[in-house]
Amino acid sequence: MHQLPNDPGEAIKLQNEVRKLVKIGGYIDIASVRLVGGVDVAYLGKGASQACAVAVVWDRLSGEVLESVYAQDEVIFPYIPGLLSFRELPVVMKACEGLSSNVDVWMVDGAGIAHPRRLGIAAHFGVLLDRPSIGVAKSRLIGSHLPVPRSKGSWVPLRHDGEVVGHVLRTRNDVKPLYISPGHKVSLRQAVELVLACCTKYRLPEPTRMAHNLVERYAHFS
DNA sequence: GCGACAG
DNA sequence: ATCTTGTCGC
């Protein structure tokens, strides 16, 4: 991660610069995507001055986790809606540095371009690594949408300021839908297709679900 | 001014 | 995110 902003105003200025580097579109071939990465963060205690992160590499063919790396660090930036990346990316990037696999696409908990300045944590993450990334959020940050049909695979567009910034996707029958948006170097259609391909048995795609399970366990025993 | 607001 | 008990369903 680069230098942390000193305040929200500085953070927003930085986002307006970094957003120019985000690429949306088909830089990858979905059929050749085998290794999908997932990252997640957990906080220690309630003072929440320490946080840990995990980066996992999930193999789509075997359905197994090939690699996982942990990191722990002090959390400096406060949680402010729209500025999540400044709080969580420092630890996340630290975990990614220990990785040895070549990940094809990354999935991150949170928004991609479905963000007030089109630079949610997943997009910011993708730009820092200059690798394809997808935002997988469990709830809405911005935008509006119609009700999503109840069956798995159905979706409705998520609109914000006159543009479609993501899809609200039902990954299982009768479960809360997920907010999917492109991060970096992927199209919205590819993002949705990949998330569905990784949702084998649960609401969350395996890479993100595995990362969450592992980092929770790590935080609990550390 | 008031409400909304990823993790 | 984190703090928590019971409960519904496969």
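Chain identifiers are assigned alphabetically (A, B, ...) following the order of the sequence lines, protein sequences preceding nucleic acid strands; residue numbering begins at 1 within each chain.
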Might you confirm whether atom CZ of Arg203(A) has over 12 heavy atoms from other residues, nucleotides or ligands at distances under 6.0 Å? yes
Could you state the atom-to-atom distance from CG of Asp161(A) to P of dA4(B) in whole Å? 19 Å
Presence of salt bridge, Glu206(A) and Arg209(A), under 4.0 angstrom: yes
It should be established whether Ser139(A) places a side-chain nitrogen or oxygen under 4.0 Å from OP1 or OP2 of nucleotide dC5(B). no
To the nearest angstrom, how far is Leu84(A) atom CG from dT2(C) atom C1'? 15 Å
By nearest atom, which of the nucleotides dA6(B), dA4(B), dT2(C) is closest to the Arg140(A) side chain? dA4(B)
Check every strand shown and say whether Leu119(A) touches a base, only sugar-phosphate, or nothing at a heavy-atom separation below 4.0 Å. nothing
Just the rounded figure in Å: distance from P of dA1(C) to CD1 of Ile121(A). 12 Å
Rounded to whole angstrom units, what separation is found between the CD atom of Gln15(A) and the P atom of dA6(B)? 14 Å
Side-chain N or O of Lys138(A) closer than 4.0 Å to phosphate OP1/OP2 of dG7(B): yes
Between dG7(B) atom P and Met107(A) atom CE, what is the distance in whole Å? 16 Å
Would you mind classifying the nucleic acid contact of Gly135(A) as base, sugar-phosphate or nothing, using non-hydrogen atoms under 4.0 angstrom? nothing
So, OP1 or OP2 of dA6(B): does either fall under 4.0 Å of a side-chain N or O from Tyr79(A)? yes
Assigning hydrophobic clusters by single linkage (Ile, Leu, Val, Met, Phe, Trp, Tyr; side-chain heavy-atom cutoff under 4.5 Å), is Tyr70(A) placed with Tyr43(A)? no
Spacing between Tyr179(A) atom OH and dC5(B) atom C1', to the nearest angstrom: 13 Å
Protein-nucleotide distance (Ile12(A), atom CD1; dC5(B), atom C1'), rounded to Å: 13 Å
With rounding to the nearest 0.5 angstrom, report the CD1 to CE distance, Ile134(A) to Met107(A). 4.5 Å
At less than 4.0 Å, is any side-chain N or O atom of His212(A) found next to OP1 or OP2 of dA1(C)? Yes or no. yes
Base, sugar-phosphate, or nothing for Ala111(A), non-hydrogen atoms under 4.0 angstrom? base
How many Å lie between CG on Leu204(A) and P on dA1(C), as a whole number? 10 Å
Quick note, Glu216(A) side chain, CB onward, closest among dC5(B), dT2(C), dG7(B) is dT2(C)
Give a yes or no on whether Gln3(A) atom CD has more than 12 heavy-atom contacts from other residues, nucleotides or ligands under 6.0 Å away. no
